[in-house]
Every structure is written in C-alpha cells, then in structure tokens.
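This report concerns only the one structure given below.
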Amino acid sequence: MNLSEEAERLQGLLKSRRHERRRHDTWLTVQIARNKDRPRTREYIEQLIEGFEELKGDRLRADDRAVIGGLGWFDGRAVVVVGHQKGRTLDEQTEHSFGMARPEGYRKAQRLFALAERHRLAVLTFVDTPGAYPGVDAEEGGQARAIAETMLAMARLSVPVVATLIGEGGSGGALALAVADRVLMQENATYSVISPEGCAAILWRDAEFAPQAAEALRPTASQLLPLGVIDRVIEEPRGGAHVNPEAAARRVHDAIAEALTELEQLMPRERRLARRERFRQLGVWGGEGLLP
Amino acid sequence: MNLSEEAERLQGLLKSRRHERRRHDTWLTVQIARNKDRPRTREYIEQLIEGFEELKGDRLRADDRAVIGGLGWFDGRAVVVVGHQKGRTLDEQTEHSFGMARPEGYRKAQRLFALAERHRLAVLTFVDTPGAYPGVDAEEGGQARAIAETMLAMARLSVPVVATLIGEGGSGGALALAVADRVLMQENATYSVISPEGCAAILWRDAEFAPQAAEALRPTASQLLPLGVIDRVIEEPRGGAHVNPEAAARRVHDAIAEALTELEQLMPRERRLARRERFRQLGVWGGEGLLP
Amino acid sequence: MTVTVEIARRGTAPAPRRWVCPKCASEHDPAVVKENLSVCPACGYHQRIGARERIVQLADEGTFVEYWSHLRTLDPLDFVDLEPYPERVREAQGASGLTEALVAGPAAIGGTPCVLAVMDFGFMGGSMGSVVGEKLWRAAAVAADEGRPLVAVASSGGARMQEGALSLMQMAKTTCAVDVLNDARVPFVAVMADPCTGGVVASFVSLADICVAEPGALLYFSGPRVIAQTTREQLPDDFGGAERNLALGHVDAVVPRAELKDKVANYLRLLKGGGQPDGLERRRSSRSRSSRTRRLARATSARVAAAFKNPGREPVGGSGTAPGSPEEPAP
Amino acid sequence: MTVTVEIARRGTAPAPRRWVCPKCASEHDPAVVKENLSVCPACGYHQRIGARERIVQLADEGTFVEYWSHLRTLDPLDFVDLEPYPERVREAQGASGLTEALVAGPAAIGGTPCVLAVMDFGFMGGSMGSVVGEKLWRAAAVAADEGRPLVAVASSGGARMQEGALSLMQMAKTTCAVDVLNDARVPFVAVMADPCTGGVVASFVSLADICVAEPGALLYFSGPRVIAQTTREQLPDDFGGAERNLALGHVDAVVPRAELKDKVANYLRLLKGGGQPDGLERRRSSRSRSSRTRRLARATSARVAAAFKNPGREPVGGSGTAPGSPEEPAP
Ligand SMILES: [Zn+2]
Ligand SMILES: [Zn+2]
C-alpha cells in the first residue's frame, strides 16, 4: 500500500524524466520482489496443490530446506513440485537460508525430477532465490556442478515442465530450477544474471549504485518478455502479490494450467526437443549476413 | 562287534579329519586372500591395462582413495576399469582405508559406469575389500544407498561387464562392484556375506571361532563355483598370486579376455537381460513342486 | 476391554497383564495398545510388529492374499554353528507362524491394487536368504507385469549368514528386481520399520521411489558395534535414527503409524498419475483411456475372488512376535 | 634465443625484457618461458595464456580452422555503466585481436579430429554473453553432427553482466548443447584453466565427460569476496584451487600443461573407443568397420584443405594477452 502510494506520487513527479523513472520502477520492482510479506513457494503450494506430500532429502547427505518439493495434484493431475523456499519470519528465513540453495538442494531437485520422469508426471517449479548459497561448504560440496547438472536434468525431461518466477530470480541459483518448457513470471518478480548490488560493486565499484545497476540489467518481467527469456507475465493484484495472496495465486494457477494444457498436446520427445530449441534461440547476436 | 565298532570309530575319525582339513584349507585361503603382499587392483591395472588414465572423484564431494578407476586399453579395446584399492605398505593402506570404500567411492564407480555406458566401453572391475567402510561419516553419508545404487547402476549397463575377485570379497562392499555379466574369482580369493570374525562373534559369540565360521560360510572360489555365485575360478601360481604376480596377471588377463570376447557377441539389450537373469537365478529354495 | 476392567474390579481373577512402554515406562492395557496400532498411547513409541499385524494395518480389509508361501528354505551350505540352520528355521517358523521372514501377495491399499511384501523381524531377525529374495523377486515381477505398485515394509537385520554368499547374492537379486519395476515404470514404495539394517537397507529398500520410515526406527548399513570395533569413532546419540536420517536426506518422510496407510495410499495414487481421491470422475475417465489397466483390474478381482475359495490362500490377520522385542500385547 | 644472449653479451643494445615469475620471483627470458608453454621453468607456475597460444599448444599443427568469427556482439540492453558496452567490446577486440571471448572451430589433437573451443580470459574476463553461447552451441552441434569429440578450454569469470539475463540464459543454452553431445554419444573433454568461475563452471564445463584442470587454476562458482560478504565464513588457504578440487572429487585430474596435449589426445581416443595409439593396425581395422567415420574423415580433410585456400579462415597462432595478468612474454 505504502509502496504503491509512493509509486503514484513519484510517477507524477518523474513524468518527464523517463530514464530516472525507469530506474525507479525497476528498483521498485526489485523491492517488491524482495518484500518479506510476499507469498513464497510454500504458500503457492498450499493454494494450488491438493494432497501435497512433501518428499525430503537429496538421498545423498542432507535435506536442504532452501528447496522444498514433493508430489500433489494440480488441477486434477498428479505433479511433482519443486521450489526455492525463503520463509518469512526471521526463524523461517534462517531455517531456509533465505532461499539460497546448497548443492544438496539442487540434488534434491534432481532426484525429484527423476521421479517425475519415471512415472510420467508433469513438473512445476517455483523460483524465488537471491542466488545459490555462497558458502565454503556449498562450494566445496560442488555448487557449480550441482547447478549445471540440475539444468541438464531439466533439459532431459520428457514430461511437461513449467517454471514460475515468484520473487527474486537470482542468477544460476534461480536458473537451475527454470530450464522449463514455459517460463512464467509474476509482474513484480525479477530475474537477473547478478544482483543489482553485486553488479554495482563490480562495474560502478560501489554497491550504492544498485538502482543504476538494476536499471541497466533490465530484470523485470515486462523487460524480459520481449527478449524471450520468459514466456508470459502473470499480473499481480495492485500493490503486489502480498496485498492479496489468494488473487495472486488464482492468476498463477490459471497461467500454469494453460501452459500445462498446451504442453500436454505434445509428444514426450517433441517436448524435450522444443525445450532445447527454446533455450538454443536465446541470445542476441549479429553478423549472420556476413560470410561465415 | 569289535570290528564294526572300530569301523565306526574310524569313520568318525575320518569325518572329523575331513572336517578339520576343510577348515584348515578354508582358513588358509582366507589368510592368502588377506596376504599383504598379494597383488592389488593397482598392480593388475599396471599389468593388464595399457595407457591407463586415472579419473578421480565422485563429482559430488570427495575422491575416495579406496576405489580407483579410469580409462585404458585392455587387449586393444578401450575399457573403463574400477576397483577397490587396498595398498600394501602401512602408509598406502591408510591412504586407501584398507580398501574399505565410503559412499564417495561407490559414487565414483557409478559415475565411471555412466561414462562407460555413454561411450559404449566395456567395464572391468576388480574386487578386493574387507567390506564397506564402517564409520559414522560413511553411514551418515549414505553408505547403504550408495551400495544399492551402485548395484543398480551395474545392473542397468548394456555394455559388457566383467568382475574379478582378486582378494577379499567382503559383503555388500564387495558385491557393489560385482553385479557383472561374468564374475571371475582367483583361486585364493574369498567372497562372503560376512567376515569369519564377524560371523563367529555373532553366531559363536566369540571371534576366536573365526576358522569354524570361515568353514561354515564356504567363501572360497571352489566352493562358490557350484553355487553359481561365480562363473570361473582363475588358477594362481603355486603358493598364491604374490609368489609370481606376472604369471597370476597373465591368467587373469586370459580369463577376462575370454569373457569379454564371449560377451561382445551379444546385443546390448541381451547382455543387460542376461545379467539380470544371472542374478535372478541365484539362491537355493525348495517347494516348487508344491501347489503354489 | 470392558471385561478386563470388570474382572480387575472384582479382584478375584489374576490381575490382567499390563503392557509397559520401554520408552516412557507408562503402563497400558495391551488391548488398548494393540487398538492404537501397537504404538504407546502415552509417548508414541512404535513397538515392533509382525508381518501379519502389519498387513492388517495396511491392506484394505480382506484384500491381501498370501502368495508363494509354498517356497521352502533349504540348507545349501550344511551350515552348522551352535545349532544347525534347519533347526533354527523350524524354531522361527514355530514361533512366528510364518514360513519365512517375508510375507507377500496382492492386496489393495486405500483402493489401489498393489503387491504388498512385508518382512517380519521376529523370523530370524528378518534376515534375507534365498526364499526372502525369491519372494521379493516374484512380488516385483508380478507388480511389473500387472502394472500394480509394489509396497514393501522392511524390518531386518540384514543378509542371513547361514546361506553364506547366496544370501549376499539376494542383495543383487532384489536390486535387479527393482530394475524390473523401474523398467516397467511401476511405482515402488518402501516403509522402513525398526530395525532396518545391513543388506536389506543396502539393496531394494533404498531404491524405492519413495522411502519412508517409522518414527524411531533404526536404519543403517554398519551398526554401532561394528563401527566402534573397526574405527573406534564416537557415535552421535541418535545415530541411525529415522529422524536423523530424515535430516541427512536418506528418507523422504518419517510417518507415524497412524498416518501410514493414508500416506502410502496417497503415494500410490500420485505415482500412478491417477486423479485425486475425491475426484472419482476424473480417475474413472483416465482409467477408461487405458484398456490394459481395465483388463488388469478385472483379472485382479477375479484372482482375489478365486483366492477366497481356496482355503490355503485365505486373507491373513494376526501378529507375529519379535523375540527380544518388548512384551507383545495379547491379541 | 641465441640471438638474445649474444646481444646481451655485446652490452650495447638495451637489456632484453625479463619475465619475472609472480609465484617464485625468479627471472627468465620471455622466449624461454614461452617455449616452456608459458610455464615458469623454475617453479612450474602456469601463466594464463590467450586462446591463440592455447590453440597452438593443443591442436596438431595447421589443423585448427576458426569458424563463426563473423558472429557480432550486439548490445540488446543498451547497457551503460561507467562506459557503454559496445566500447568495452571494441577495446577488448583491439587488445586481444579476437572478435569474442571464445574461439572455436575444427581441429585435430594427436591425430583425432575434434572441435576445439577455447576461451580467452583476456577478452572481458572470458565472460560468456550471447556470442560465446552461440559459438559453443555451434561447436557442440557440429561435433554431434560429425561424430567428432568436443574439446573446450575454459577460462572465464562467468556470465557477462552487460547482456543481463540473456547472458544468464547462455548457461542453460550451453547446458542444452551438452545434452546434444550426450544424445549423440560424442565425447566431450573440458580443460579448466585459471580462472574458471561463475556461470561457465556452473554450466557446460562441469558437464564434460572428462574435466581436467591446470595446476593452480582457481575454480569456483561464488568467489571468496562474495562468500566473505554474504556468510562471513573463513576460507581455507587453498580455496578453489585445482588440487583442492581434485581431492574434493570435482575434477578428474590435474594435468600440467606439458602433458596436456598427450592426455587430451589419449582421452579422445579412449572415449571414441578406438584402439591404442601404437596399435595402428587395430585402429585402422576398427575404423574400416564404420563407413560413416570414414566419410567424416574425408569430409574433414576436404574442409581443412578448403580452409587453407580461404584467407579469412586461416589456421591461427599467436597469443592473446590477458589484461591484469602477469607480464606476457614477447612472442
Ligand atoms: Zn511410551
Ligand atoms: Zn616461478
């Protein structure tokens, strides 16, 4: 509420200065995406998945609470659900490492994907992380390969895969759960190669330039849609999903249901090849007209 | 009367002599199998594999030195080799945990099997372990499932798989590397569900009864051949493989080469199903004639 | 129950046996404990239960049919320790009323036809020899063949020493059985009951699509004694416990016995890709798509019906007793 | 080399530039260091080298042909930090003589035809943007198509910030490229050179059949600065080092540059299932079994021959210089 009032006030003031406005809007979205009252994966599971059975553990060495997953029914179909879990209270956030997954979390995702593939269940993922956990144990436990192998596991699935970005989509840690047939993104979610603060610290040599970096990175849904990075923007209630979580969940539901219905028309092999082709086309380059 | 009493006495004596002889022979084999001068996996690799390239690590969290593996040429074919490594000197034995693998060792084996399958290379394993490492970290790092998944990974291979027991074949820790198309076994190797000492401690309530337990368990090659547990006994030089490692290696070479040549006649899917059938048939039970 | 109370009041008959919880030491009427699925009403301690009691708890009433009870344990090694193997087997059979440490056959759980295989720790420590391995194989083969999920309840000290390397081979054999299930994409759910150790947890059980454990169940490959002897390491207090294994990522969930049947039923429906339990319409329509499934369902009903006419194959109930386990409530 | 010495003796020309090892501080003739594959002759310190020097070291002489150098980096985000993105690219191109941070094309290594893709840390920190991703995709696609192994030498700080989420997507894209290789069962060998971090090590590089690292190379996803800022953890001294990563199971081997070509050649032969290097007879006979392979070999030779006639596609040599890296020996 406060945020949107503030937004309205600023909208009027900054009408003529488009640059600053874009910077402001982008930064505002970054703030909403990080709002601690924003519904998390757990809330969307509660709203969208019936008969959810959580399945814990990577079957190797740990149960990373930053990634939750399990089985349940979405719109009458049995599905596998996997998502980053941030938590809201400080206790929850600590338990879930603020949604920053360790290798164990990504490996949990992998083994759930394998379960989905074996029993031909569609996969739904929810992406909401500042990034992979940057710790010594995580690094030495194979963070890099865990992310890579999770992406490869998603790429290889022949079942329908729908990813929904619901908050922060931070770097490889987010992408690891988003190699999907359809990538949906809530209006106020972000998706970026690096955090605005991290980018500012490197390129501006000062993290204070985070709003500038955010603007430059174009991490919002409306900016990413034309680039093909995402396939659909899911509108949120005025002020953001936390203002009316039920309404937000209904819109997420409808977008996922539509995507699944489309994907179920395809043959398993077609789905896999189409997913590969989707990612193959991502990127912008020139020189095609030149002699090879 | 006197005569028949005498005959009975003699028969009894003969029986107990036979018993003692078998006990003695079995225990002797146990000793030879454990002889620290016995050639290890590393020595067989040096003798049998050309251009060996060791590949380390489980790609998850560790490189378990109790299992070594890599690529090389056997008899002109590129193969993947995996085996327990015990070491000989105390330093080596400590480095290699006396050949007792941790989950990381079994997972190293799994990823090498996957490499073999992808590139259609035959797999050779060498089994030489008192058993899986019985430690807290190993247990809590998933020893049980690591063994199970390694067996399943071997069962699923479509390439030729030949296992050779060259020393101690201790329990599940050994079997994890021996779910093969052909299981070869050196004359003085052992293969057992439990160590004689462990068995004696449980059933006789005294580890001193290890020779009795060894006899009862029938862990030697000649005893296991008729049960179908192994497919071939590889003779050793008089006194054991350590007396003439080169001659021992030549015989191992010939046995593996013959097995591979046979297996290469089969189609990949045939090989896999035949392997499954081989293990399906293992076991002895009655009552088949009864009404089901 | 009422009767017991009255007798106690009269004070003339001998006092009824009381069940004392080995965890919290509270005392309870054995019938109440049994009614409570052999879980302590005071502290939730899960008592070990036999295969038949487990089947009664899990299978829909009257649906379980024991198969393969004709398979006989032999003594391929002439194994003699302080007692010959065949005698040990006979004793176990007498004490448990079972022919071997695993009881298996078709059943339905929450309406989903499946194959149910239950181990009994009371039968030689639930150890796995040739017959246990063969039964598990057959259970998996039928499951794969008929597209019914396999549900295994494990409670075992590991491989059976008395069959030597043949017991060891059952680890590989049952692993191959899981391969058969996986190939057929047939769901496999494993329940780990106390204790679940050694060769059983290191083979088919750990390979299930979903592995759940009962609260407090001990799960490990090498036990505390072996670890202490070999590596002299300090063991954590809750070493091997189900809850610790949950935190370590080795089990999918720890499920109290009171919720077990519903959970397993839910897992089976989900893994079969079926509709929600209350969405019968949807389920029916998805079924009608697969004529194979329909045929199987019909064949199954016929088989179950036939079994009822065969006295040697009656649905079972009752409970086996695990020697060395805390006093069993009287049936 | 001899010339240098003579000049030095005469004492009239300016003293030759000396190369000072950043690790052991010993001084060497730059030409000697270069001859030694840019490895310090005293302590074995592996200096960073550019893509062209790497190609000269790895590819059989005259076999490498650069492909896809016509692809142009664009500025899809109009990215401006302290400097516009296109200017940064132009500067990098000028300094390195490369068009982008990855140079790729067909080559042969130890006689085995392959596709070679080499990153250059000197080009904007070897960062991966759209063009790097597209080149890697094409390299993998050609490799899969022609049944030639892919050899990638990675040296990169990660994804390129200036292309925003599009750079992030290159992680997924190059991962899908590995999927293409795997599907075709075509070998993929990755060499991790210093430094190999961020989005590159967390995508295609780590997915290779065989991943080797150069001695002393730093390999990690999140670097020490990020870890220190976010979690304030104490870092081990050798955090991220190749040798530590070997012990941690993340690389198959640490290979000194002097052995690198032979090792890679061996890996390729082995993964292709071919015969031993000295068993030419055997290799030839196995080749004659596959007419497809023969056809490919012929097509490849034709392509390489054609390339030699095309001035835009000449086999390359020379070295790129990594700014910020220790002084480069003169060519
Ligand atoms: Zn109690
Ligand atoms: Zn030096």
Side-chain angles (χ1 to χ4, degrees), chain B residues 100 131-149 151-152 155-156 169 171-172 174-176 178-179 191-194 198-200 202-205 209 212-213 216-219 223-224 227-229 275-276 279-288 290-292, chain C residues 67-68 70-74 76-77 79-82 129-131 133-134 137 159-173 175-180 182 198-199 201-207 219-222 226-227 229-231 233-236 239-240 244 248-250 312:
Chain B
M100 296 186 290
Y133 188 80
V136 174
D137 261 14
E139 284 295 323
E140 304 210 319
Q143 190 70 284
R145 183 172 280 116
I147 290 171
E149 289 186 342
M151 290 193 291
L152 185 59
R156 295 186 70 82
S171 185
L175 175 62
V179 182
Y191 200 9
S192 179
V193 68
I194 188 170
C199 180
I202 296 172
L203 293 182
W204 279 264
R205 300 194 180 90
F209 283 81
Q212 278 80 352
L217 289 165
R218 309 206 180 211
Q223 291 160 343
L224 294 172
L227 294 172
V229 171
R275 189 181 314 124
R276 194 193 268 178
F279 284 92
R280 184 253 188 282
Q281 285 173 0
L282 284 173
V284 170
W285 61 89
E288 291 288 15
L290 303 178
L291 268 178
Chain C
Y67 274 23
W68 312 302
H70 63 292
L71 297 179
R72 291 279 167 267
T73 306
L74 301 180
L77 267 55
F79 197 97
V80 178
D81 49 289
L82 300 180
S130 296
V131 170
E134 177 64 14
W137 176 281
R160 187 172 296 170
M161 283 176 283
Q162 289 88 348
E163 294 184 29
L166 287 176
S167 290
L168 180 63
M169 292 303 117
Q170 304 312 307
M171 288 174 65
K173 179 169 176 171
T175 294
C176 289
V178 177
D179 189 25
V180 171
N182 288 353
V201 72
S203 61
F204 67 99
V205 175
S206 289
L207 298 170
L219 321 168
Y220 47 74
F221 182 62
S222 298
V226 176
I227 294 175
Q229 275 171 13
T230 318
T231 57
E233 291 179 38
Q234 191 70 32
L235 290 162
F239 175 79
R244 191 174 175 91
L248 290 166
H250 302 313

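Computed from a prediction, not measured in an experiment: that's the story for all the values here.
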| chain B interface, residue from Thr231(C), Val205(C), Asp179(C) that has the most non-hydrogen pairs under 4.5 Å | Asp179(C)
| note | With chain B, the option among Leu74(C), Asp81(C), Leu166(C) that has the most non-hydrogen atom pairs under 4.5 Å is Asp81(C)
| field | Nearest-0.5 Å distance that lies between atom OG in Ser167(C) and atom CD1 in Ile194(B) | value | 11.0 Å
| Out of curiosity, Thr73(C) OG1 to Trp285(B) CH2, how far, rounded to the nearest 0.5 Å? | 11.5 Å
Measure the shortest side-chain to side-chain distance between [X] and [Y] over non-hydrogen atoms and say whether it is less than 4.5 angstrom.
X	Y	result
Leu168(C)	Tyr191(B)	yes
Val201(C)	Arg145(B)	no
Met151(B)	Ser203(C)	yes
Glu140(B)	Phe239(C)	yes

| field | Step-by-step side-chain contact (heavy atoms from CB on, under 4.5 Å) determination, Met169(C) to Leu227(B) | value | CA-CA 11 Å; Met169(C) 292 303 117; Leu227(B) 294 172; over 6 Å; no
| request: Check each atom of Val180(C) against the heavy atoms of chain B and say whether the ones under 4.5 Å are side chain, backbone, both or neither. | output: both
| Segment of Val80(C) engaging chain B (4.5 angstrom heavy-atom cut-off) | backbone
| request: Say whether, by atom type as modelled, one donor and one acceptor occur between the side chain of Arg280(B) and the main chain of Trp137(C) under 3.5 angstrom. | output: no
Pick whichever of [options] has the most heavy-atom pairs under 4.5 Å with chain C.
options	answer
Ser171(B), Gly142(B), Cys199(B)	Ser171(B)
Ile202(B), Leu217(B), Val136(B), Ile147(B)	Val136(B)
Leu152(B), Leu224(B), Val179(B)	Leu152(B)

List the atom of [X], the atom of [Y], and the distance in Å for their closest heavy-atom pair.
X	Y	answer
Leu282(B)	Lys173(C)	O-NZ, 3.2 Å
Glu139(B)	Ser222(C)	OE2-N, 2.6 Å
Pro134(B)	Ile227(C)	O-CG1, 3.3 Å

| field | Interchain contact, Val284(B) with chain C, by part (heavy-atom threshold 4.5 Å) | value | both
| message | With a 4.5 angstrom heavy-atom cut-off, is it the side chain or the backbone of Leu175(B) that approaches chain C, or both, or neither? | response | side chain
| Going through the distances and angles, do Gln162(C) and Leu203(B) end up as a side-chain contact (heavy atoms from CB on, under 4.5 Å)? | CA-CA 10 Å; Gln162(C) 289 88 348; Leu203(B) 293 182; 3.8 Å; yes
